[in-house]
Amino acid sequence: MLAVVKALAYGSDATAIALHLEKIGADYLGVAYAAEGVELRKAGIKIPILVLHPQPENFELCTEFNLEPSLYSKRVLEYFIEHVKRKNSVDFPVHIKFNSGLNRLGFHVNDFDYLVETIADGSLKIKGLFSHLAASEDLNEKGFTLQQIEKFNSFSQKFIQKTGISPILHQSNTSGILNFPEAHFNMVRTGIGLYGFGNDAQYDNNLKPIASLTATISQIHIVKAGESLGYNRGYKAKSTIKTATITIGHADGIDRIYGHGKGYVIINDKQAYILGIVCMDMLMVDITDIDCEEGEEVIIFNENYPAHELAESVGTISYELITGIGPRIKRILKN
Ligand SMILES: *Cc1c(COP(=O)(O)O)cnc(C)c1O
């Protein structure tokens with residue numbers, strides 16, 4: 001199993017999570033960019049690290065810190081071969097990325113001969129051959145996903161036959177793991193699932209979000225009918241209401257889209273909707289019907305109020321909300 005710890009382990013703490021995953025037996029770690037892998041190596045991580053989206057200017061970091069690059073195009077493959085030759089390195093482990101339909105990164109079916117010829121010189125060890133699913137969480141697209149699996153399967157079988165190499169084959173992200181057992185191959189790459197989200201109510205019930213995000217009520221106001229609240233008078237009171245100013249804003253990842261009554265925070269087990277415009281450092285919520293005091297803790301998301309529900313209130317997904325949590329929020333680790 002490859003555990004994906006890119007983007008600060010989905011907004012948490014990449015090093016702490018990666019050390020823990022290594023300890024409990026993850027086979028591989030996955031990051032998006034080489035610099036993320038360097039951080040993990042500097043923290044003492046020993047297990048293999050796959051860099052999913054390396055750039056030629058960072059190939060030096062890959063070889064220096066033993067990070068296995070995904071080679072996804074002719075340009076990066078040729079640059080990487082040139083790079084390892086310059087270093088007199090042989091058998092450097094890499095993973096070849098095949099585009100089975102996402103059309104984001106990867107070699108096309110008709111690059112097969114080029115690929116086989118280009119890797120034949122032995123400067124690389126083809127440790128993995130992989131692909132990525134476009135719609136594994138969307139069962140309306142099941143037919144498309146099955147096609148992606150079939151394309152990857154036939155490309156890899158052909159590759160194995162032609163080269164005699166047997167790389168680790170991997171195609172599934174979290175929803176691929178959950179919905180498509182036929183796409184497990186020799187390894188799976190789980191990201192969001194590790195952090196407690198299954199992209200589906202059926203799976204969410206069996207997963208536990210690992211992170212909670214809290215803030216504080218800093219001030220309470222009575223806003224009278226006719227008065228306004230926040231920047232640009234974003235909210236105008238039609239009747240007298242009670243509001244609380246909360247210590248989190250768009251600089252922390254609670255974007256302006258959560259404003260104007262769409263998003264909410266949790267105070268004493270009740271939803272307090274965000275009024276008007278979200279500020280950089282704070283936001284204001286309606287607490288007219290909530291019993292609470294200044295200084296009290298507010299929940300943005302936790303195990304009982306999962307991030308995906310808040311995210312869905314503004315039409316986005318858990319991934320975007322949790323990975324967007326800013327650096328000003330202190331990450332506190334608990335066991
Ligand atoms: C981010 C990523 C994953 C993990 O996806 P989840 O949906 O979070 O499980 C797997 N593979 C690739 C190539 C990725 O970019």
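Numbers here are sequence positions counted from 1. All ligand and atom numbering here is 1-based and tracks the order in the structure.
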Got a donor-acceptor contact below 3.5 angstrom from the Tyr203 side chain to the Leu178 backbone?
-> yes
Do any pairs count as a side-chain hydrogen bond (donor to acceptor under 3.5 Å, both in side chains) and have a residue in residues 239-252, sequence neighbours left out, and if so which ones?
-> Asp252-Arg328
Between the side chains of Asn173 and Ser136, does any donor sit under 3.5 Å from an acceptor?
-> yes
Protein residues that have a heavy atom under 4.0 Å from any atom of ligand 1, sorted by chain and number = Val4, Lys6, Tyr10, Leu52, Arg104, His132, Asn173, Thr174, Arg189, Thr190, Gly191, Ile192, Tyr319
Whether Phe152 and Phe98 hold their rings parallel, tilted or perpendicular, with breakpoints at 30° and 60° = parallel
Only pairs at least two apart or in different chains count here, so list each salt bridge (charged side-chain N to carboxylate O under 4.0 Å, His left out) that has a residue in residues 163-175.
-> none
For residues 75-92, pull every pair meeting side-chain hydrogen bond (donor to acceptor under 3.5 Å, both in side chains), keeping only residues two or more places apart or in separate chains.
-> Glu60-Lys87, Thr63-His83, Glu78-Tyr114, Lys85-Asp121
